[in-house]
Protein chains: 2
Amino acid sequence: MQKTPPERPYHHGDLRRALVDTALEVMREERNWQFTLREIARRAGVSHAAPYKHFPDKAALLTELAMIGFDQLRTTLIEAQSGAGGEPREALLPMARAYVDFGIDNPALYSLMFGAESRNQCDVHLGENAISVFDTVMDVLARGQSDGVFRQRPVRDHATACWSLLHGMTMLSIDGLLLPEKVGLEPLKAAFGTLMEGIASGYDDVKTPDLP
Amino acid sequence: MQKTPPERPYHHGDLRRALVDTALEVMREERNWQFTLREIARRAGVSHAAPYKHFPDKAALLTELAMIGFDQLRTTLIEAQSGAGGEPREALLPMARAYVDFGIDNPALYSLMFGAESRNQCDVHLGENAISVFDTVMDVLARGQSDGVFRQRPVRDHATACWSLLHGMTMLSIDGLLLPEKVGLEPLKAAFGTLMEGIASGYDDVKTPDLP
DNA sequence: CGTTGAAGTTTCCCATGTAAACATATGTTG
DNA sequence: CAACATATGTTTACATGGGAAACTTCAACG
């Protein structure tokens with residue numbers, strides 16, 4: 001009996017990329033990185049063991065996805081920075097917005113990149129990628145400070161405050177905990193306004209506060 | 001032949017509490033909430049199906065653990081607030097430290113309470129508990145503002161900035177991403193100093209910054 | 001063309017969450 | 001006190017997932 005031609009030749013041809021693309025698609029659809037490898041293999045049209053010819057284990061695929069995420073975030077921040085003309089004071093809010101929007105637009109990817117749960121599943125050297133975000137923020141703040149438009153305080157203090165607030169806002173948004181009726185419709189602009197007053201104002205620590 | 005007495009009578013007597021306590025212990029030891037129910041049952045000395053007589057499923061146990069975490073966090077914040085004598089300006093840093101220390105001391109619990117991954121496993125109404133943290137911060141800021149020691153800006157802007165920074169700092173610390181060589185040894189004090197300058201200073205938004 | 005290696009598939013193992021049936025103990029009721 | 005109902009255990013079973021091992025198919029190479 002004539003054998004009907006298979007849907008796909010025995011050799012996929014580019015399964016590694018297909019697995020990565022399929023995983024990114026599933027993460028986007030389900031807003032979660034806790035997919036199963038068997039599901040990814042099914043959607044890619046191969047057996048459940050085929051991925052093991054391209055990735056030693058599931059953690060390796062997750063690491064690759066996280067690296068893609070860090071590449072995208074880095075690109076996003078650089079574009080936001082150069083779009084603002086490079087003036088530090090003007091650059092911070094667009095960068096902040098780009099950062100938070102990246103996380104909101106890619107919740108599963110962001111959680112994979114920065115979460116402790118994923119850290120148990122991924123390569124530990126992802127931390128270097130995560131920390132490069134801190135360095136990016138540091139650079140802009142350092143330039144602003146040498147230009148005299150940012151408060152003369154250790155620049156890493158400003159950077160720590162900045163990254164913490166942005167990371168926190170991103171995570172809270174992803175988790176659906178920033179309700180408009182509580183924080184308004186522009187929580188980033190609002191919260192960042194408060195922070196910018198701490199970064200860019202002429203406030204002197206020892207001055208007593210103005211009273212009404 | 002004489003039957004040797006079992007390690008434990010057939011009826012555990014307080015298995016529900018033992019399961020909760022064991023799970024909290026495992027979370028503390030492994031700094032992770034992704035334990036297996038079979039492991040918890042084993043450590044509690046019962047069969048793997050026994051927990052299903054006390055919890056409909058694993059998600060129910062995880063929800064209970066998260067609720068315990070929120071209770072502990074709430075208590076911690078109230079104690080920190082009253083320890084500072086209730087003066088809003090003096091209360092914020094101790095509360096902030098209590099919040100971040102809680103997360104650092106209970107990384108698995110904090111991640112379970114606030115993480116999106118756990119949200120897929122838990123009861124959605126945990127969000128109310130999470131958001132009550134925001135309300136606590138709001139209350140202190142509102143009192144400070146009416147006392148005139150905090151900047152006259154919508155208080156929810158300050159609260160959003162506060163909670164985002166604290167949540168971000170907690171998550172980054174838990175994930176091991178706040179390296180001392182990058183952020184110093186007192187990142188909370190440093191970052192919170194920057195934020196407090198934005199919350200408590202007399203800075204006027206339209207004033208141009210002082211130049212060197 | 002035969003050999004080698006890459007990249008698939010199939011079969012199997014172990015672990016997990018959970019269901020169902022069964023066993024044991026406790027509490028309630030007549 | 002016995003019978004019954006209920007609570008709370010255990011055992012068996014099922015479906016699914018990660019991954020190993022053996023096998024199959026195809027491509028590349030000498």
Side-chain angles (χ1 to χ4, degrees), chain A residues 2-23 26-27 29-30 32-66 108 112 117-123, chain B residues 2-23 26-27 29-30 32-66 108 112 117-123:
Chain A
Q2 206 85 18
K3 198 173 171 193
T4 61
E7 275 179 14
R8 176 185 55 78
Y10 188 93
H11 273 244
H12 183 282
D14 195 5
L15 182 57
R16 187 175 210 285
R17 169 193 281 268
L19 293 171
V20 169
D21 290 347
T22 302
V26 166
M27 281 168 65
E29 286 172 12
E30 297 182 12
N32 192 283
W33 56 265
Q34 286 163 326
F35 53 77
T36 70
L37 215 41
R38 291 196 185 215
E39 183 194 359
I40 303 301
R42 263 193 306 275
R43 285 173 67 139
V46 294
S47 71
H48 70 273
Y52 293 93
K53 298 299 179 183
H54 301 277
F55 296 95
D57 54 20
K58 184 180 179 183
L61 173 61
L62 289 170
T63 299
E64 176 113 357
L65 296 168
L112 175 66
E117 283 72 48
S118 60
R119 194 59 45 77
N120 292 319
Q121 309 263 4
C122 278
D123 196 317
Chain B
Q2 206 84 17
K3 196 174 173 194
T4 63
E7 277 178 14
R8 177 185 54 78
Y10 188 94
H11 272 245
H12 182 283
D14 198 3
L15 181 56
R16 187 175 211 283
R17 171 192 279 268
L19 293 170
V20 169
D21 290 347
T22 302
V26 166
M27 279 167 65
E29 285 170 12
E30 297 180 14
N32 193 283
W33 56 265
Q34 285 165 323
F35 53 77
T36 70
L37 213 43
R38 291 199 185 214
E39 182 195 359
I40 302 303
R42 262 193 307 274
R43 285 174 66 142
V46 293
S47 71
H48 65 274
Y52 292 92
K53 297 300 180 184
H54 300 277
F55 296 94
D57 54 22
K58 184 180 179 184
L61 173 60
L62 289 171
T63 299
E64 176 114 358
L65 296 167
L112 174 66
E117 283 71 47
S118 60
R119 196 57 48 75
N120 293 320
Q121 309 264 4
C122 278
D123 196 317

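Numbers restart at 1 for each chain; the letters A, B, ... are given by sequence-line order, proteins then strands.
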- Message: For A:Asp57 versus A:Tyr52, what's the shortest heavy-atom pair and its separation?
- Response: CA-CE2, 4.1 Å

Between protein and nucleic acid, restricted to nucleotides 11-16 of chain D and to nitrogen or oxygen atoms under 3.5 Å apart, what atom pairs and distances do you find?
from: D:dT12; atom 1: O4; to: B:His48; atom 2: NE2; distance (Å): 3.0

- Note on the structure: Note: A:Thr36 and A:Lys58 closest approach over all heavy atoms is CA-NZ, 4.2 Å

- Results of side-chain contact (heavy atoms from CB on, under 4.5 Å) for A:Arg43 - residues two or more places apart only: A:Thr22, A:Glu25, A:Val26, A:Glu29, A:Glu39

- Item | Distance in angstrom units between A:Tyr52 OH and C:dA7 C1', rounded | 16 Å

- Rounded interatomic separation in angstrom, taking NE2 from A:His12 and P from D:dA27: 14 Å

- Sequence neighbours left out, what passes salt bridge (charged side-chain N to carboxylate O under 4.0 Å, His left out) with A:Arg38? Give chain and number order. none

- What is the distance, rounded to the nearest whole Å, between atom CG of B:Leu61 and atom P of C:dG17? 11 Å

Under 3.5 Å, N/O pairs linking protein and nucleotides 22-26 of chain C:
from: C:dA23; atom 1: N3; to: B:Tyr10; atom 2: OH; distance (Å): 3.1

- Please give, in whole Å, the distance from D:dG18 P to A:Gln34 CD? 11 Å

- Task: Quickly work out the B:Ile40 CD1 to C:dT18 C1' distance and round it to whole Å.
- Result: 17 Å

- Query: How many Å lie between NZ on A:Lys58 and P on D:dG19, as a whole number?
  - Reply: 8 Å

- Task: Grab the two heavy atoms, one from B:Gln34 and one from B:Asn32, that are nearest each other, plus how far apart they are.
- Result: N-OD1, 2.5 Å

- Kindly give the heavy-atom pair with the smallest separation between B:Ala50 and B:His54, and that separation in Å. O-CD2, 3.7 Å

- By salt bridge (charged side-chain N to carboxylate O under 4.0 Å, His left out) - contacts of A:Arg17 (at least two apart): A:Asp14

- Residues forming a side-chain contact (heavy atoms from CB on, under 4.5 Å) with A:Ala108, sequence neighbours excluded: A:Met27

- Item | Closest listed nucleotide, where the reference is the side chain of A:Leu15 and the choices are C:dT18, C:dG8, D:dG9 | C:dG8

- Message: Applying a 3.5 angstrom cut-off to the pairing atoms, does DNA chain D sit in any stems of at least three consecutive Watson-Crick or G-U pairs? List them by first number.
- Response: C:1-30 with D:1-30

- Task: With rounding to the nearest 0.5 Å, note down the distance linking CZ in B:Arg42 to CG in B:Leu37.
- Result: 10.5 Å

- Task: Starting from C1' on D:dG19, measure out to CG on A:Leu62 and report it in whole angstrom.
- Result: 15 Å

- Message: Show the nearest heavy-atom pair for residues B:His48 and B:Ala41, with the distance to one decimal.
- Response: CA-CB, 3.9 Å

- Note on the structure: In whole angstroms, the gap separating C1' of C:dA15 from CG of B:Leu37 amounts to 13 Å

- Message: Applying side-chain contact (heavy atoms from CB on, under 4.5 Å), can you list everything that pairs with B:Phe55, at least two apart in sequence or on another chain?
- Response: B:Arg16, B:Leu19, B:Val20, B:Ala60, B:Leu61, B:Glu64

